[in-house]
> 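Dumping the structure here so I can ask a few things about it.
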Amino acid sequence: MLRVVLAEDSVLLREGLVGLLNRFGHEVVAAVGDADTLRDAVSAHAPDLVVTDVRMPPGFQDEGLRAALTLRTADPRLPVLVLSQYVQRAYAAELLDTGDGTGVGYLLKDRVGQVEQFAEAVRRVAGGGTVVDPEVVRQLLRRRRDPLEALTPREREVLGLVAEGKSNGAIARELVVSEAAVGKHIGNILGKLDLPPAQDTHRRVLAVLAYLRG
């Protein structure tokens, strides 16, 4: 069970998220509607995970994200999952650059409707993993098209799944191939993109995303 602080200005969505998190056995210790209250709630409850919207009162710009960045600066080990209505590459990049990059996630709100995927993202971020919405990954890939020309279609597919934070086993199951084949693809990708090899999946994801952001 995770102790969660939730920040979302929409009452309906906030209550829906509370119900969803409770359904998966987690306890929402505070559910708030603005960035200032979010910071106070984290200070008061020391949660296992923060889930926050990007745009919140009073300005409805990026108050939620800024609060998340402030919290991560104060405690780089605090897991934070940010929810956004739209793809904002800059927001995802800023979040990934906090602390050592562990325990962070950036999802589109549409992904919340895919209940199992949302539950898995919550579990993964709370456990120190990195989760980036597939649509953000696709936009990053399009933005950096030229450096990826050396990749085969299958390698591009694997790269997208890696950047989403999926393990070799999960990728193998999704593509119906062996884990050894996935490992070979990843080695080829890192080599073609001139990235150092890494044993840790999280570090590998961050390296790939850092290159794509570059």
> With a 4.5 Å limit on heavy-atom distance, are the side chains of Leu83 and Val54 in contact?
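They are not in contact (no side-chain heavy atoms under 4.5 Å apart), so the answer is no.
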> Is there a chain of hydrophobic side chains (I, L, V, M, F, W, Y, each step under 4.5 Å between heavy atoms) that links Leu190 to Ile171?
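Yes, one cluster joins them.
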> Quick one, Arg39 with Asp36, criterion salt bridge (Lys or Arg N to Asp or Glu O under 4.0 Å). Give me CA distance, side-chain angles, the key distance, then yes/no.
CA-CA 5 Å; Arg39 285 186 284 263; Asp36 288 339; 2.5 Å; yes
> List the atom of Leu81, the atom of Tyr106, and the distance in Å for their closest heavy-atom pair.
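Nearest heavy atoms, Leu81 then Tyr106: CD1-N, 4.2 Å.
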> Is a salt bridge present between Arg14 and Asp9, judged by a nitrogen-to-oxygen distance below 4.0 Å?
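No, Arg14 and Asp9 are not salt-bridged.
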> For His45, does its backbone N or O pair with a side-chain atom of Arg3 as donor and acceptor, under 3.5 Å?
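Present.
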> Given side-chain contact (heavy atoms from CB on, under 4.5 Å), test Phe118 with Leu107 step by step and report yes or no.
CA-CA 9 Å; Phe118 176 68; Leu107 287 183; 4.2 Å; yes
> Which heavy atom in Gly33 sits nearest to a heavy atom in Pro57, and how many Å separate them?
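Gly33 and Pro57 have their closest heavy atoms at O-CD, 3.2 Å.
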> To the closest 0.5 Å, what do you measure between CZ (Arg124) and OG (Ser167)?
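Taking CZ in Arg124 and OG in Ser167, the distance rounds to 7.0 Å.
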> Which atom pair, heavy atoms only, marks the closest approach of Pro47 to Val42?
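So the minimum-distance heavy-atom pair works out to CD-O, 3.7 Å.
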> Between Asp62 and Met56, is a side-chain contact (heavy atoms from CB on, under 4.5 Å) present by the stated rule, with each step listed?
CA-CA 7 Å; Asp62 58 0; Met56 300 182 71; over 6 Å; no
> Give a yes or no answer on whether the side chain of Glu155 reaches the backbone of Thr152 with a donor-acceptor pair at less than 3.5 Å.
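Indeed, once roles are kept as given, a pair shorter than 3.5 Å links the two residues.
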> Rounded to the nearest 0.5 Å, how far does CG of Asn168 lie from CZ of Arg173?
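So the gap between those two atoms works out to 10.5 Å.
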> Taking Glu63 for its side chain and Gln61 for its backbone only, find out whether a donor-acceptor pair lies under 3.5 Å.
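A pair under 3.5 Å: yes.
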> Do side-chain atoms of His26 reach the backbone of Leu2 as a donor and acceptor pair under 3.5 angstrom?
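Indeed, once roles are kept as given, a pair shorter than 3.5 Å links the two residues.
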> Within the 3.5 Å criterion, strictly below it, is a donor on Asp34 or Thr37 matched to an acceptor on the partner's side chain?
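Thr37 and Asp34 do have a side-chain donor-acceptor pair below 3.5 Å.
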> Between Leu108 and Val122, is there a shared hydrophobic cluster once you connect ILVMFWY residues whose side-chain heavy atoms come closer than 4.5 Å?
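Per the 4.5 Å side-chain linkage, Leu108 and Val122 are not co-clustered.
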> Donor-acceptor pair, Glu8 side chain versus Ser10 backbone, under 3.5 Å?
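Looks like yes, one N/O pair under 3.5 Å.
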> Are Val5 and Val82 grouped together when hydrophobic residues (ILVMFWY) are joined by side-chain heavy atoms under 4.5 angstrom apart?
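Shared cluster, yes.
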> Using only atom types and a distance under 3.5 Å, with no angle test, would you say the side chain of Thr73 pairs donor to acceptor with the backbone of Leu69?
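Such a contact is found between Thr73 side chain and Leu69 backbone.
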> Under a single-linkage definition using a 4.5 Å side-chain heavy-atom cutoff for Ile, Leu, Val, Met, Phe, Trp and Tyr, are Phe60 and Leu38 assigned to the same hydrophobic cluster?
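In one cluster: no.
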> If you round to the nearest 0.5 Å, how far is CZ of Arg72 from CG of Leu65?
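Reported value, rounded in 0.5 Å steps: 11.5 Å.
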> Could you walk me through whether Glu157 and Arg154 pass salt bridge (Lys or Arg N to Asp or Glu O under 4.0 Å), step by step?
CA-CA 5 Å; Glu157 190 173 13; Arg154 176 62 92 181; 3.1 Å; yes
> For the residue pair Met1 and Asp48, what are the closest heavy atoms and their distance?
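The answer is O-OD2, 4.2 Å.
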> Please find the pair of heavy atoms, one from Ala35 and one from Ala67, that lie closest to each other, and give the distance.
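Where Ala35 meets Ala67 most closely, the heavy atoms are CB-CB, 3.9 Å.
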> Spell out, as yes or no, whether a donor-acceptor pair under 3.5 Å connects the side chain of Gln114 to the backbone of Asp110.
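Not a single qualifying donor-acceptor pair exists.
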> Do Val28 and Val50 belong together in a cluster built from hydrophobic side chains that touch within less than 4.5 Å?
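In one cluster with Val28: Val50, no.
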> Are Lys184 and Glu179 ion-paired here, with the side-chain N under 4.0 Å from a carboxylate O?
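No.
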> Let's go through Val4 and Val29 carefully: what are the C-alpha distance in whole Å and the side-chain angles of both, what is the deciding distance for side-chain contact (heavy atoms from CB on, under 4.5 Å) to 0.1 Å, and is it a yes or a no?
CA-CA 6 Å; Val4 181; Val29 295; over 6 Å; no
> In the structure I gave you, are the side-chain heavy atoms of Val162 and Val182 within less than 4.5 Å of one another anywhere?
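Result no, sub-4.5 Å side-chain heavy-atom pair not found.
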> Are side-chain heavy atoms of Val125 and Leu49 found at a separation under 4.5 Å?
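SC-SC contact between Val125 and Leu49 confirmed.
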> Report the C-alpha distance between Leu6 and Val32 in whole Å, list the side-chain angles of each, state the deciding distance to 0.1 Å, and finish with yes or no for side-chain contact (heavy atoms from CB on, under 4.5 Å).
CA-CA 6 Å; Leu6 169 67; Val32 303; over 6 Å; no
> What distance separates Leu17 CG from Lys109 NZ, expressed to the nearest 0.5 Å?
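Answer rounded to 0.5 Å: 8.5 Å.
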